[in-house]
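Predicted model only: the values in this text are computed from it and were never measured.
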Amino acid sequence: MKSRIQSLLVNSFVFLLGFLSLLAPFVVPQARDAGFSSTSFPVMVSLIIILCVLIILLEAQATILNAKLIAFLGILIALNAGLRFLETAIPGPAGFSPIFFLIILTGYFFGGRVGFLMGAMTMLISGLITGGVGPWLPGQMITAGWVGQSAGILRPLFKQMRITGKQSEITFLAIFSAIWGMLYGAIMNLWFWPFLGGAPGQTWFQGATLAENIGRYATYYLATSVVWDVTRAIGNILIVTFLARPVLNIFIRFNQRFSFHILPEGEPK
């Protein structure tokens with residue numbers, strides 16, 4: 001019961017931070033006029049880091065395995081940040097990024113809270129390495145965290161479907177990664193779109209209704225971003241298809257290596 005309450009609180013905090021980081025101008029027009037995305041940058045990054053520390057504390061209190069998992073997660077974050085550095089140093093097709101498959105697989109195998117950590121901290125560390133620190137960073141951290149967090153619901157579902165360890169497991173993970181390849185770009189545009197000026201019918205309009213502004217954003221997205229996001233989605237499909245099984249096998253071996261069963265007192269070992 002206590003664990004469920006903690007999870008509910010963490011998930012609620014994540015939603016609130018996402019709302020403040022990306023969605024406030026849609027619901028609170030005054031936020032747009034105040035330049036919310038740029039002026040709130042230090043506060044939002046600080047809140048997300050506090051959330052990550054809170055999740056680490058919750059995980060560390062659970063079991064010895066999770067204490068080991070935190071160290072393993074640090075290695076995965078460093079590896080993923082390195083992949084993003086390579087992405088910056090050696091640009092690939094527009095929109096393509098190699099970092100999402102590890103975020104998805106980590107959340108899928110180790111759970112939503114660990115997945116959120118993987119996504120958010122990957123963006124923070126890689127932003128510091130590549131110089132990608134700016135008003136967009138809170139949105140990147142939250143959205144990548146959502147990627148890993150949402151992947152956590154898949155494994156229990158796949159177990160019920162009895163497809164874990166089968167090729168259909170990889171197929172569904174590839175589809176999931178493609179969906180997030182599109183969603184990530186669509187969500188990340190929101191950190192700057194309400195503050196744009198320019199083409200009529202594609203930018204924020206103060207007097208428009210929520211539905212009208214959503215329609216304006218859809219027009220903007222189709223005109224400027226959809227090709228990038230399709231490229232990201234295709235890249236995610238290819239990477240997950242070819243690398244998901246070897247990586248999941250590594251995760252399984254790690255789990256087996258650091259899991260143990262404590263025998264009752266007096267039982268022969």
Are [X] and [Y] linked, directly or through other ILVMFWY residues, by side chains that come within less than 4.5 angstrom of each other?
X: Trp228; Y: Val230; result: no
X: Ile50; Y: Leu128; result: no
X: Ile99; Y: Ile237; result: no

Measuring only between side-chain heavy atoms, which start at C-beta, is [X] closer than 4.5 Å to [Y]?
X: Glu169; Y: Leu248; result: yes
X: Met123; Y: Ile142; result: no
X: Phe176; Y: Val240; result: no
X: Arg84; Y: Asn80; result: no

On a heavy-atom basis, which atom in [X] and which in [Y] lie closest, and how many Å separate them?
X: Gly185; Y: Tyr217; result: O-OH, 4.2 Å
X: Gly181; Y: Asn236; result: CA-ND2, 3.6 Å
X: Met188; Y: Trp136; result: CE-O, 3.8 Å
X: Ala178; Y: Ala233; result: O-CB, 3.4 Å
X: Ile103; Y: Gly115; result: CG2-O, 4.2 Å
X: Trp180; Y: Ser150; result: NE1-OG, 2.9 Å

Report the residues that fulfil side chain to side chain contact (heavy atoms under 4.5 Å, CB included) with [X], sequence neighbours left out, ordered by chain and then residue number.
X: Ile179; value: Ile175, Leu183
X: Leu238; value: Ile234, Phe242
X: Arg253; value: Asn249, Ile250

Quiz item: With under 30° as parallel and over 60° as perpendicular, where do the rings of Phe251 and Phe110 fit, or are they tilted in between?
Solution: tilted

Quiz item: Per the side-chain contact (heavy atoms from CB on, under 4.5 Å) rule, which among Ile77, Thr122, Leu73 passes with Thr106?
Solution: Leu73

Self-check item: Residues in side-chain hydrogen bond (donor to acceptor under 3.5 Å, both in side chains) contact with Tyr221, at least two apart in sequence or another chain
Solution: Asp229

Practice problem: Report the residues that fulfil ring pair (Phe, Tyr, Trp, His ring centres under 6.0 Å) with Phe101, sequence neighbours left out, ordered by chain and then residue number. | Solution: none

Quiz item: Is it true that atom CZ of Phe172 has more than 12 heavy atoms of other residues, nucleotides or ligands lying nearer than 6.0 Å?
Solution: no

Give every donor-acceptor pair under 3.5 Å between a side-chain atom in residues 151-160 and any protein atom, sequence neighbours left out.
from	atom 1	to	atom 2	distance (Å)
Arg155	NH1	Phe109	O	3.3

